[in-house]
Amino acid sequence: MIELQAFAKINLCLQVIGKREDGYHEIDSIMQSISLFDRIRLLVDEEIKVVSTNPQVPTDERNTARKAAEVFTEKTGIARGVRIELAKMIPVSAGLAGGSADAAAVLIGMNKMFGTKLSEAELMRLGEEVGSDVPFCIAGGTGRAQGRGELVSKLAALPKSWFVVVTPQLLVATMWVYQNFDRFWVKEERKVGEHKSIASIQMFNDLEKVVFWKHKQVEKLKQQLIQMGCLQALMTGSGPSVFGLVPNKKIGEQIFEEIRLTYPQSFLVENVKFGITILQNY
Ligand code: C5P
């Protein structure tokens with residue numbers, strides 16, 4: 001049995017560079033792992049099975065953790081299966097890479113369980129087949145993601161910062177956001193690169209305008225977080241979650257206590273240096 005923590009991510013900036021021939025979009029983004037996590041337990045089994053604490057999570061072939069286990073057994077030729085138990089804390093379809101983090105945990109966990117000794121780079125390549133954000137979730141910490149998101153280079157860890165993350169109860173599909181992005185696309189001069197502090201990052205997300213157009217509530221939420229005392233606020237990924245960078249933990253706690261009255265899916269988090277940690281292995 002192996003038990004892991006799979007950390008959510010936020011995009012500190014996300015630039016969409018253009019549309020690719022394969023239908024995906026070329027992006028350039030700085031991603032950051034945060035202290036909001038799912039717990040994943042893996043047990044050797046005859047076949048691949050998934051159980052989850054959140055009924056919103058499909059356990060069939062749409063499940064990213066299941067897909068990761070399938071890709072892993074296919075590529076390594078391991079003839080055994082795995083029972084995957086997901087204790088979900090990360091909201092689903094929220095722009096926080098919850099599904100990708102679970103997939104990353106399955107790849108790292110199965111590699112340990114079956115002693116297959118694949119390198120991190122090899123696991124990241126398997127992760128690409130499951131989803132664009134899986135390689136980042138394997139690398140974790142602070143990273144720059146390019147290509148369709150799967151080309152990850154690690155960046156120096158940013159100093160400890162606190163964020164209030166808020167997930168509105170809205171269904172926003174990543175595919176829908178990218179499809180509609182093309183209608184709003186205008187070339188803007190942006191600078192994605194290495195930064196010494198979170199405050200010095202020019203926070204922007206090109207996907208915001210698509211989601212704001214359809215869901216005014218998300219734009220309002222961003223403004224509300226600024227009015228409440230956040231230094232900066234931004235939608236993460238394809239939304240609908242919005243995070244606010246707070247000046248310190250104390251102010252973060254005040255904002256969190258207030259915003260959770262309207263938005264029950266709110267979290268006070270800090271940045272972390274890893275995407276996956278192993279809690280138990282026996
Ligand atoms: O890779 P993932 O399965 O997370 O992507 C979901 C959908 O989002 C894709 O099928 C694609 O339509 C869109 N997408 C995109 N460009 C990206 C990432 C995702 O167009 N860089």
Side-chain angles (χ1 to χ4, degrees), residues 1-10 31-59 63-73 76 78 80-92 94 96-124 126-127 130-131 133-143 152 154 157-158 160-163 165 167 241 249 265-282:
M1 194 274 280
I2 186 160
E3 192 173 352
L4 309 102
Q5 280 174 304
F7 293 88
K9 64 90 181 138
I10 51 176
M31 297 193 186
Q32 174 63 57
S33 305
I34 53 168
S35 59
L36 167 65
F37 59 86
D38 289 344
R39 266 173 195 259
I40 289 111
R41 244 160 49 132
L42 304 175
L43 301 108
V44 178
D45 207 317
E46 289 318 304
E47 42 190 273
I48 298 168
K49 294 177 192 148
V50 182
V51 290
S52 164
T53 53
N54 182 340
Q56 258 186 299
V57 177
T59 52
N63 185 287
T64 51
R66 175 186 289 278
K67 260 192 228 164
E70 281 165 2
V71 168
F72 185 88
T73 47
T76 55
I78 299 274
R80 305 293 301 273
V82 70
R83 176 184 165 88
I84 304 167
E85 297 178 355
L86 300 173
K88 294 291 296 177
M89 278 297 292
I90 309 172
V92 177
L96 296 166
S100 301
D102 297 346
V106 167
L107 292 173
I108 288 175
M110 288 182 83
N111 195 35
K112 272 260 173 314
M113 257 172 120
F114 295 110
T116 32
K117 296 199 167 69
L118 298 183
S119 66
E120 186 177 87
E122 285 169 315
L123 291 174
M124 285 165 80
L126 294 188
V130 182
D133 288 341
V134 181
F136 171 76
C137 292
I138 291 172
T142 312
V152 178
K154 289 191 189 184
L158 289 164
K160 183 166 164 151
S161 307
W162 290 91
F163 304 88
V165 178
T167 306
S241 304
K249 188 179 182 188
Q265 286 197 105
S266 296
F267 311 90
L268 177 64
V269 302
E270 57 186 316
N271 52 322
V272 294
K273 294 193 175 112
F274 24 75
I276 305 295
T277 55
I278 296 175
L279 293 173
Q280 290 191 65
N281 182 12
Y282 54 81

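Because the structure is predicted, anything quoted here is derived from the model rather than measured.
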Problem - Leu86 and Asn54: CA distance, side-chain angles, deciding distance, side chain to side chain contact (heavy atoms under 4.5 Å, CB included) verdict - result: CA-CA 8 Å; Leu86 300 173; Asn54 182 340; over 6 Å; no

Practice task
Test side chain to side chain contact (heavy atoms under 4.5 Å, CB included) on Asp133 and Met31 and set out the steps.
Solution key: CA-CA 10 Å; Asp133 288 341; Met31 297 193 186; 3.5 Å; yes

Exercise for the section: Show your reasoning for whether side chain to side chain contact (heavy atoms under 4.5 Å, CB included) applies to Val134 and Leu107. Expected result: CA-CA 10 Å; Val134 181; Leu107 292 173; 4.3 Å; yes

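Inspection of the Glu270 and Ser35 side chains reveals no N or O donor paired with an N or O acceptor under 3.5 Å.
The OG1 atom of Thr76 sits 6.5 Å away from the CE atom of Met110 when rounded to the nearest 0.5 Å. Between the CG atom of Leu4 and the CD1 atom of Ile108 there is a distance of 7.5 Å, given to the nearest 0.5 Å. Going from atom CD of Glu70 over to atom CG of Asn63 covers 9.5 Å, rounded to the nearest 0.5 Å. Here the CD1 atom belonging to Ile84 is positioned 6.0 Å from the CG atom belonging to Leu42, to the nearest 0.5 angstrom. Annotation: the span from Ile276 atom CD1 to Gln5 atom CD amounts to 9.5 Å, rounded to 0.5 Å. Considering CD of Gln280 and CD of Glu3, their distance stands at 5.0 Å, rounded to 0.5 Å.
Across every non-hydrogen atom of Lys88 and Val57, the tightest pair is CG-CG2, 3.9 Å. Contact detail for Ala139 and Met124: the closest heavy-atom pair is CB-CE, 4.1 Å. Minimum heavy-atom separation, Val82 to Ala69: CG1-CB, 3.9 Å. For the pair Lys273 and Ala157, the tightest heavy-atom approach, listed with the atom from each and the gap, is CE-CB, 3.8 Å. In terms of heavy atoms, Arg80 sits closest to Thr73 at O-CG2, 3.5 Å. Here the closest heavy-atom approach between residue Val152 and residue Phe136 is recorded as CG2-N, 3.7 Å.
Heavy-atom neighbours of Met113 CE from other residues, nucleotides or ligands within 6.0 Å: above the threshold of 12.
Here the side chains of Val106 and Val130 are not in contact, with every heavy-atom distance at 4.5 Å or above. Contact annotation: the side chain of Ile40 approaches that of Asp102 to within less than 4.5 Å [non-hydrogen atoms, C-beta and beyond]. At a threshold of 4.5 Å between non-hydrogen side-chain atoms, the residues Val51 and Thr59 do not count as touching. By the 4.5 Å heavy-atom criterion applied to side chains, Tyr282 and Met1 are counted as neighbours.
Side chain of Asn271 to backbone of Ser161: a donor-acceptor contact under 3.5 angstrom is found. In this structure, the side chain of Thr116 does not engage the main chain of Leu118 through any donor-acceptor pair within 3.5 Å. Under the 3.5 Å distance criterion, the side-chain polar atoms of Ser33 are left unmatched by any main-chain donor or acceptor of Val272. In terms of modelled atom types and a separation under 3.5 Å, the side chain of Asn281 and the main chain of Ile2 share no donor-acceptor contact. Here the side chain of Asp38 pairs a donor or acceptor atom with the backbone of Ile90 at under 3.5 angstrom. A donor-acceptor contact shorter than 3.5 Å is absent between the side chain of Ser241 and the backbone of Thr167.
Looking at Glu47 and Lys49, no side-chain N of the basic residue comes within less than 4.0 Å of a carboxylate O on the acidic one, giving no salt bridge.
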